[in-house]
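Below you'll find the structure, written out as structure tokens, and then a few comments.
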Amino acid sequence: MITFDMLSPLVRAFFVLWALLLCLTNIGSAVLAAVKKRFRFAALAVMLFVPVYLMWQAIFDFSLLENTGEMSALTEKLCSVSWLYPLSALSVFTVTSALLFGMNLRYDRTFITPGTIKLYLDKIPCGICCWRKNGRVLFSNICMNDLCADITGNPLLNGNHFCDAVNNRMFTVRGKAWRFACREIEYDGEPLFEMIATDITDGYAKTAALEKDKAELSRLNKELRDYYLSIDESVHRQEILQAKMNIHDEMNRLMLKTAAADKGDTRALDKIFSLWEQNALLLCMEADNKTSAGYASSLDSLANALGVSLIWKGELPQSLGEKEKELFFFTAQEAVVNAVKHARAKTVEIAFEKTENALLCRFSNDGSLPDSEVRFEGGLANIASIAEKQRAEIFLENGERFTLVLKYHTIG
């Protein structure tokens with residue numbers, strides 16, 4: 001029988017190396033298991049490490065102290081056994097250690113562990129950080145560490161300081177837009193703080209492009225609106241021209257009717273006078289001059305032609321727009337014509353009253369009061385229809401004088 005001490009130094013060195021590798025393998029298994037909090041597997045690795053280490057130490061001592069006579073009794077006894085025993089023991093330890101090490105590696109790949117979570121959080125394209133109330137950072141991935149270094153110029157050591165630096169804002173770092181969001185969470189009854197940095201580069205670029213398209217669309221809408229207004233103005237001028245032509249033709253016929261009318265027929269003369277009045281009013285209303293001064297001049301001309309004095313109890317409010325001023329002068333012209341026609345008035349007063357939400361324009365005359373109920377017909381009916389479209393209304397006020405009221409609503 002060949003004992004272990006009879007082997008050549010080279011073979012014994014091979015056993016020493018074998019035992020050393022097994023020692024390192026068991027140390028690695030114990031560390032892996034402890035990190036994953038698998039303490040039973042860590043204890044098993046330590047149990048395997050102890051006999052392997054004793055064998056390695058005995059063989060190593062025998063090689064060093066073989067010729068000195070200073071070897072311990074345990075070393076002599078272990079090295080005096082058949083070489084097959086160390087071979088079998090190391091073979092068993094090798095298989096057991098390899099299985100244990102493989103199980104630790106497989107557990108890391110098939111089960112969720114803190115290391116696995118850290119590994120995958122480092123790979124995600126967003127930054128994550130968690131810290132305690134005092135600012136101590138419990139966890140942060142690589143992305144958040146890099147963002148903190150780029151924004152503050154310092155490493156991520158205090159979560160509160162970094163949170164104050166970003167303050168839930170957006171930052172552009174290395175050509176990318178990042179949005180930071182902080183919130184308070186609770187874990188095992190302990191209040192913690194979490195911050196997530198999200199890459200919004202694509203969304204930010206799309207939003208900017210959308211804002212640009214929106215501005216362009218607004219510009220196009222404005223141009224189209226101006227174009228439609230110009231078309232409406234052209235059509236309006238054409239309609240005015242056509243209306244004038246019709247009015248002039250009608251006045252030619254009225255002249256013939258007036259010349260042929262019986263001077264003793266009062267009803268026929270009133271009818272002809274009413275037609276003259278309506279045509280004169282239409283001509284004044286469709287004048288080419290669209291300014292306030294032009295409307296006022298037309299109103300003064302009409303009053304002078306009818307022998308009526310205009311008394312203004314105030315200036316025309318500047319808050320009125322062009323459409324409101326146009327409606328005002330139309331109403332004033334109709335009030336002057338009706339004052340002469342129906343009340344034989346000599347004076348027409350125009351007064352203004354401004355309330356919180358409305359503006360009242362009163363047209364009063366010194367003529368006779370009507371004997372019956374006044375109905376809006378002819379020109380007044382048309383003006384009342386126009387006023388309704390402009391959020392205004394026309395009505396009468398009973399009193400010592402006949403008063404026509406034009407009320408504008410929501411005038412600033």
Side-chain angles (χ1 to χ4, degrees), residues 21 23-46 97-211:
L21 292 177
C23 289
L24 296 177
T25 302
N26 288 314
I27 292 174
S29 295
V31 172
L32 286 176
V35 170
K36 298 175 180 58
K37 297 183 179 182
R38 305 181 72 195
F39 300 111
R40 293 182 179 179
F41 287 84
L44 181 58
V46 172
S97 300
L99 289 176
L100 182 60
F101 191 76
M103 291 175 65
N104 286 327
L105 293 179
R106 183 174 177 274
Y107 182 82
D108 194 32
R109 295 178 180 178
T110 56
F111 292 87
I112 298 177
T113 64
T116 305
I117 296 175
K118 177 67 170 65
L119 176 64
Y120 283 95
L121 287 180
D122 284 337
K123 293 182 178 180
I124 62 177
C126 65
I128 299 177
C129 178
C130 184
W131 69 92
R132 285 195 172 97
K133 191 174 183 179
N134 58 4
R136 178 188 174 188
V137 177
L138 299 177
F139 172 81
S140 62
N141 63 350
I142 295 177
C143 181
M144 186 64 81
N145 293 333
D146 293 340
L147 289 174
C148 180
D150 292 331
I151 294 174
T152 64
N154 298 312
L156 181 55
L157 301 177
N158 190 298
N160 292 329
H161 293 170
F162 186 42
C163 184
D164 293 337
V166 297
N167 195 22
N168 288 333
R169 291 180 294 171
M170 189 193 74
F171 288 85
T172 300
V173 180
R174 298 181 183 178
K176 291 185 177 182
W178 296 87
R179 182 178 62 193
F180 292 83
C182 301
R183 63 168 184 160
E184 184 176 355
I185 60 176
E186 185 175 335
Y187 181 75
D188 286 342
E190 180 183 6
L192 301 176
F193 295 90
E194 179 187 63
M195 178 164 55
I196 297 178
T198 307
D199 183 2
I200 59 171
T201 305
D202 294 338
Y204 184 75
K206 292 178 180 178
T207 302
L210 183 61
E211 291 293 337

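Computed from heavy atoms alone, side chains included, the values below leave out hydrogens, waters and symmetry copies.
- Of the inter-residue distances, the one linking Cys130 atom SG with Leu138 atom CG reads 5.0 Å to the nearest 0.5 angstrom.
- Lys206 contributes atom NZ, which lies 11.5 Å from atom OG1 of Thr201 (distance to the nearest 0.5 angstrom).
- Atom OG of Ser97 and atom CD1 of Ile27 lie 11.0 Å apart (nearest 0.5 Å).
- Between Phe180 and Phe162, the ring planes are perpendicular. Angles over 60° get that label, and only those under 30° would be called parallel.
- For the pair Asn141/Ile124, a side-chain contact is recorded, criterion being any heavy-atom separation below 4.5 Å from C-beta on.
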Check step by step if side chain to side chain contact (heavy atoms under 4.5 Å, CB included) holds for Trp131 and Ser140. CA-CA 9 Å; Trp131 69 92; Ser140 62; over 6 Å; no
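- Side chains of Leu192 and Glu184 form no contact here, defined as non-hydrogen atoms less than 4.5 Å apart.
- Note that NZ of Lys176 is 12.0 Å distant from CG of Asp150, once rounded to the nearest 0.5 Å.
- Val137 is not listed as a side-chain neighbour of Leu157, based on a closest heavy-atom distance of 4.5 Å or more.
- Formation of a donor-acceptor pair under 3.5 Å by the Thr152 side chain with backbone atoms of Asn154 is found in this model.
- When side chains are defined from C-beta on, Met195 does not count as touching Arg183, because their heavy atoms never get closer than 4.5 Å.
- Proximity of Lys123 to Leu121: side-chain heavy atoms (C-beta onward) are nowhere separated by under 4.5 Å.
- Judged purely by atom type and a 3.5 angstrom limit, Asn26 has no side-chain atom pairing as donor or acceptor with the backbone of Val46.
- The residues Glu190 and Arg132 are annotated as salt-bridged, a charged nitrogen and a carboxylate oxygen being separated by less than 4.0 angstrom.
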Step by step, would you call Ile185 with Phe193 a side chain to side chain contact (heavy atoms under 4.5 Å, CB included)? CA-CA 6 Å; Ile185 60 176; Phe193 295 90; over 6 Å; no
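- Between the Asn145 side chain and the Leu156 main chain, no donor and acceptor come within less than 3.5 Å of each other.
- Between the SG atom of Cys126 and the CE atom of Met144 there is a distance of 8.0 Å, given to the nearest 0.5 Å.
- Nearest approach of Asn104 to Phe41, heavy atoms of both residues: OD1-CB, 4.1 Å.
- No donor-acceptor contact under 3.5 angstrom links the side chains of Asp199 and Trp178, judged on distance only.
- Between Phe101 and Leu32, the closest side-chain pair of non-hydrogen atoms falls below 4.5 Å.
- Residues Ala42 and Ala34 share a closest heavy-atom pair of CB-N, 4.2 Å.
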